[in-house]
Amino acid sequence: MVADGIIENYAVAGAIGAMFYVEPFSTGDLDVFVITPEDRPIIELPGWDYLKARGYTKIEKEGIVVEGWPVQFLPATIPLEREAYLNAQVLNVEEVPVRVALPEHLIAIMLKVGRPKDIARIKMFLSQDAVKINALENVIRRYDLTEKWSDYQRNFLR
């Protein structure tokens, strides 16, 4: 889609993004941050017509099924998501380059969302030394997540 100019770029995020840095775990979909033009309605799935023309028409778990995986194209609308998109690094999957959000951004997003599964994944990152703590704390400060980070440390880092 990037090569054909349908989307400008992307950044793999969510659970699949996390698995680039920590041991694999179960997940049901693939979250992909994209930037949408300001004049595009947010309800329009980026690349929907492109994917439909290639036979990808099934919707499952709020995503379009691509090669067996529900893919959610998530507009990066808040500053933290936009920074994650803009600063994604290129990693390889079987010699195919893939843009993936940095672990510091993934953790900050998980901290912001705060679901039990997000809290468990944060612990995975920390216990597997998959994050640069100074960089993480910088992101946390810039996005006003200091209180949530303090709560996390008090409740889960003993």
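All values below come from the heavy atoms of this structure, side chains included, with hydrogens, waters and symmetry mates left out. Source: prediction; values computed, not measured.
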Between the side chain of [X] and the main-chain N/O of [Y], is any donor-acceptor distance below 3.5 Å?
X: Gln89; Y: Leu102; answer: no
X: Asn138; Y: Asn134; answer: no
X: Glu81; Y: Thr77; answer: yes
X: Tyr85; Y: Val12; answer: no

How close do [X] and [Y] get, counting heavy atoms only, and between which atoms?
X: Gln153; Y: Glu137; answer: NE2-OE2, 4.2 Å
X: Ala84; Y: Ala11; answer: O-CB, 4.2 Å
X: Ala108; Y: Val139; answer: CB-CG1, 3.6 Å
X: Arg121; Y: Ser26; answer: NH2-O, 3.8 Å

When rounded to the nearest 0.5 angstrom, what distance separates [atom1] in [X] from [atom2] in [Y]?
X: Ile107; Y: Ile133; atom1: CD1; atom2: CD1; value: 6.5 Å
X: Ile119; Y: Arg115; atom1: CD1; atom2: CZ; value: 10.0 Å
X: Asp29; Y: Gln72; atom1: CG; atom2: CD; value: 4.5 Å
X: Met19; Y: Leu106; atom1: CE; atom2: CG; value: 11.5 Å
X: Ile64; Y: Leu30; atom1: CD1; atom2: CG; value: 12.5 Å
X: Met110; Y: Phe125; atom1: CE; atom2: CZ; value: 4.0 Å

**Prompt:** side chain to side chain contact (heavy atoms under 4.5 Å, CB included) between Leu80 and His105: does it pass, once the steps are laid out?
**Reply:** CA-CA 7 Å; Leu80 174 56; His105 290 115; 4.0 Å; yes
A side-chain contact here means heavy atoms from C-beta on lying under 4.5 Å apart; do [X] and [Y] qualify?
X: Tyr21; Y: Met124; result: no
X: Leu74; Y: Asp31; result: yes
X: Leu111; Y: Ile140; result: yes
X: Tyr10; Y: Met1; result: no
X: Lys112; Y: Ile78; result: yes

**Item:** Glu8, CD: over 12 other non-hydrogen atoms inside 6.0 angstrom
**Value:** no
**Asked** Does a sphere of radius 6.0 Å around CG in Asp144 hold more than 12 heavy atoms from other residues, nucleotides or ligands, not counting ones at 6.0 Å or beyond?
**Response** no
Are [Y] and [X] linked, directly or through intermediate hydrophobic residues, by side-chain heavy-atom contacts shorter than 4.5 Å (ILVMFWY only)?
X: Val65; Y: Trp48; result: no
X: Leu145; Y: Leu157; result: yes
X: Val93; Y: Val22; result: yes

**Item:** Six-ring centre of Phe33, Arg99 cation under 6.0 angstrom, axis tolerance 45°
**Value:** no
**Message:** If you apply the rule side chain to side chain contact (heavy atoms under 4.5 Å, CB included), what do you find for Trp149 with Leu136, and how did you get there?
**Reply:** CA-CA 10 Å; Trp149 179 236; Leu136 171 61; 3.8 Å; yes
**Asked** Hey, mind stepping through Asn9 and Ile35 against side chain to side chain contact (heavy atoms under 4.5 Å, CB included) and telling me if it holds?
**Response** CA-CA 7 Å; Asn9 220 329; Ile35 299 290; over 6 Å; no
**Message:** One thing to verify: whether Asp151 and Lys148 come together as a salt bridge, which I'm taking to mean a side-chain N less than 4.0 angstrom from a carboxylate O.
**Reply:** no
**Item:** With Glu62 via side chain to side chain donor-acceptor pair (under 3.5 Å) - residues at least two apart
**Value:** none
Please report, to 0.1 Å, the donor-acceptor pairs under 3.5 Å made by any side chain of residues 53-60, with sequence neighbours excluded.
| unit_1 | atom_1 | unit_2 | atom_2 | d |
| --- | --- | --- | --- | --- |
| Arg54 | NH1 | Tyr50 | O | 3.1 |
| Tyr56 | OH | Glu67 | OE2 | 2.3 |
| Lys58 | NZ | Glu60 | OE1 | 3.3 |

**Request:** Could you please spell out the steps behind the side chain to side chain contact (heavy atoms under 4.5 Å, CB included) verdict for Phe156 and Leu126?
**Result:** CA-CA 11 Å; Phe156 301 102; Leu126 297 173; over 6 Å; no
